[in-house]
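Below: the structure, in structure tokens.
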Amino acid sequence: MPRKKAAAVDKPKPLFDLSLVPGTPREQKDLASKMLIRRQKPIAIEKASGGYALKVLGTVIGVAPTKEIACSAAYTVGNYRLGLGDFVSTYVEGYCKR
């Protein structure tokens, strides 16, 4: 008996896409560390149409509807992807204080 194919389910598009950032994860970590040494911040939250844009290493990876969501995503990317630690205000330009 042949199997039936499952109905195609459209997944919702994620708010942020880290594949837009150029380079491998190791190259991204190295660049972020170099930027911090030069006293530059590798992640930025900027006001954009439709919400707040999240820029990682100069590339916009998505737009969040609220600043709180953008701050949470900045923490996640900085801490887990770039390995910059828990002190978000040291590596995010435009970080919202809670």
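Here the structure is a predicted model, which is why all the values come from computation and not from measurement. By convention here, the first residue in the shown sequence is residue 1.
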Nearest atoms (heavy-atom pairs only) where Thr90 meets Lys41: O-CE, 3.8 Å
Flag, side chain of Thr76 to backbone of Ser72, donor-acceptor distance under 3.5 Å: yes
Closest heavy-atom pair and its distance - Ala70, Ala64: N-CB, 3.8 Å
Rounded distance (nearest 0.5 Å) linking atom CD1 of Ile43 with atom CZ of Arg81: 11.0 Å
Minimal non-hydrogen separation, Tyr91 against Leu36, with atom names: CB-CD2, 3.9 Å
Gap separating the CG atom of Leu57 from the CG atom of Leu18, nearest 0.5 angstrom: 10.0 Å
Shared hydrophobic cluster, Val63 / Phe16 (ILVMFWY, side-chain heavy atoms < 4.5 Å): no
Distance in Å, Gln40 CD paired with Lys34 NZ, rounded so as to fall on 0.5 Å steps: 12.5 Å
Partners passing side-chain hydrogen bond (donor to acceptor under 3.5 Å, both in side chains) against Arg39 (at least two apart in sequence or in another chain): none
Flag, side chain of Tyr52 to backbone of Cys71, donor-acceptor distance under 3.5 Å: no
Nearest atoms (heavy-atom pairs only) where Leu54 meets Ala74: CD1-CB, 3.8 Å
Distance-minimising heavy-atom pair for Leu20 and Val60: CD1-O, 3.7 Å
Non-hydrogen atoms of Gln28 and Val21 that approach each other most closely: NE2-O, 3.3 Å
Cluster link Tyr80 to Leu84, ILVMFWY, side chain under 4.5 Å: yes
